[in-house]
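Remarks on the structure that follows.
Values reported hereafter were calculated over all heavy atoms of this structure, with side chains retained and with hydrogens, waters and symmetry mates removed.
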Amino acid sequence: PFGYTGQRLAELLRLRSMEPEFADRDYLVLMLTPETGREGLERLKTVLMQVPKREVLPNNAPILQPAVQAMSIREAMLAPSELLPAGACLGRILAVPTVGCPPAVPIVVCGERIDESALACFSYYGIEKCCVVKE
């Protein structure tokens, strides 16, 4: 709603020598520790307060439909598999977790069939390849 993607906010922080833990189109994750200290928090606050508000970005995130489990997680992970472009995986069974930044909630769980809504999510979040069970 402030007019920035998580990736753009990450760029703005990096210009000020601050490295976020993770950024994607929707989120920016910062990991604060006791070593960050008051100075670090004040510096972060100052940088974020200087970011000008822009026009609200539309929410274009695709809606993920519940996936169909085709085999157990164990069976899928131990089955022979192949790495394919994500767009070529429609109807295939995911063999290995595909997440942008662990720990994360996967779009599809191992053993589930990849459907069109999962492909839309892969594309949206920049996931280009999937490891699927060989047919």
Open item on the list: For Tyr124 versus Pro62, what's the shortest heavy-atom pair and its separation?
Closed with: CG-CD, 3.5 Å
Task: Between CD on residue Glu42 and CE on residue Met49, distance to nearest 0.5 Å - done: 11.0 Å
Open item on the list: Any non-hydrogen side-chain atom of Pro106 less than 4.5 Å from a side-chain atom of Pro97?
Closed with: no
TODO: To the nearest 0.5 angstrom, please state how far the CD atom of Glu21 sits from the CG atom of Leu30.
DONE: 9.0 Å
- [ ] Apply side chain to side chain contact (heavy atoms under 4.5 Å, CB included) to the pair Leu32 and Leu44, showing each step before the final yes or no.
- [x] CA-CA 10 Å; Leu32 304 176; Leu44 176 61; 4.3 Å; yes
- [ ] Measure the CG-OG distance between Leu78 and Ser72 for me, rounded to the nearest 0.5 Å.
- [x] 8.0 Å
Task: Over 12 non-hydrogen atoms of neighbours within 6.0 angstrom of CD in Glu19 - done: yes
Open item on the list: For Leu15, is the CG atom crowded, meaning more than 12 foreign heavy atoms sit under 6.0 Å from it?
Closed with: yes
Distance-only donor-acceptor pairs under 3.5 Å for side chains of residues 108-116, two or more places apart:
{"unit_1": "Glu112", "atom_1": "OE1", "unit_2": "Val109", "atom_2": "N", "d": "2.9"}
{"unit_1": "Arg113", "atom_1": "NH1", "unit_2": "Gly91", "atom_2": "O", "d": "2.6"}
{"unit_1": "Asp115", "atom_1": "OD1", "unit_2": "Ser117", "atom_2": "N", "d": "3.1"}
{"unit_1": "Asp115", "atom_1": "OD1", "unit_2": "Ser117", "atom_2": "OG", "d": "2.8"}
{"unit_1": "Asp115", "atom_1": "OD1", "unit_2": "Ala118", "atom_2": "N", "d": "2.8"}
{"unit_1": "Asp115", "atom_1": "OD2", "unit_2": "Ser117", "atom_2": "OG", "d": "3.4"}

Task: Test: Arg8 and Glu11 ion pair at under 4.0 Å - done: yes
- [ ] Please list, chain by chain and in numerical order, all residues satisfying salt bridge (Lys or Arg N to Asp or Glu O under 4.0 Å) with Glu39, sequence neighbours excluded.
- [x] none
Task: Gap between atom CD1 of Ile93 and atom CD of Gln69 - 0.5 Å precision - done: 10.0 Å
- [ ] Would you kindly confirm whether Val68 and Met71 end up in one hydrophobic cluster when ILVMFWY residues are joined by side chain heavy atoms under 4.5 Å apart?
- [x] no
- [ ] Identify the heavy atoms of Ala95 and Ala76 that sit nearest to each other, and give their distance.
- [x] CB-O, 3.6 Å
TODO: Compare every heavy atom of Gly3 with every heavy atom of Arg54, then report the nearest pair and how far apart it is.
DONE: NE-O, 3.4 Å
- [ ] Quick one: pull up CG in Leu28 and CG in Leu12 and give me the separation to the nearest 0.5 Å.
- [x] 10.0 Å
Open item on the list: Please say yes or no: joined through hydrophobic side-chain contacts below 4.5 Å, possibly via intermediate residues, are Leu13 and Tyr4 part of one cluster?
Closed with: yes
TODO: Measure the spacing between SG of Cys89 and CG of Leu83 and express it to the nearest 0.5 Å.
DONE: 8.0 Å
Task: Steps toward side chain to side chain contact (heavy atoms under 4.5 Å, CB included) verdict (Leu57, Thr5) - done: CA-CA 8 Å; Leu57 295 177; Thr5 64; 3.9 Å; yes
TODO: Answer with yes or no whether the hydrophobic clustering places Ile127 together with Leu84; edges join I, L, V, M, F, W, Y residues whose side-chain heavy atoms lie under 4.5 Å apart.
DONE: yes
Open item on the list: Tell me if a side-chain donor or acceptor on Ser123 pairs with a main-chain N or O of Ala120 at a distance below 3.5 Å.
Closed with: no
Task: Which residues share a side chain to side chain donor-acceptor pair (under 3.5 Å) with Glu135, sequence neighbours left out - done: Arg92
Open item on the list: Please determine whether residues Val56 and Phe2 belong to a single hydrophobic cluster, defined as Ile, Leu, Val, Met, Phe, Trp and Tyr linked transitively by side-chain heavy-atom distances below 4.5 Å.
Closed with: no
Open item on the list: Quick check: is Ile107 connected to Tyr27 through a chain of hydrophobic side chains (ILVMFWY, heavy atoms under 4.5 Å apart)?
Closed with: no
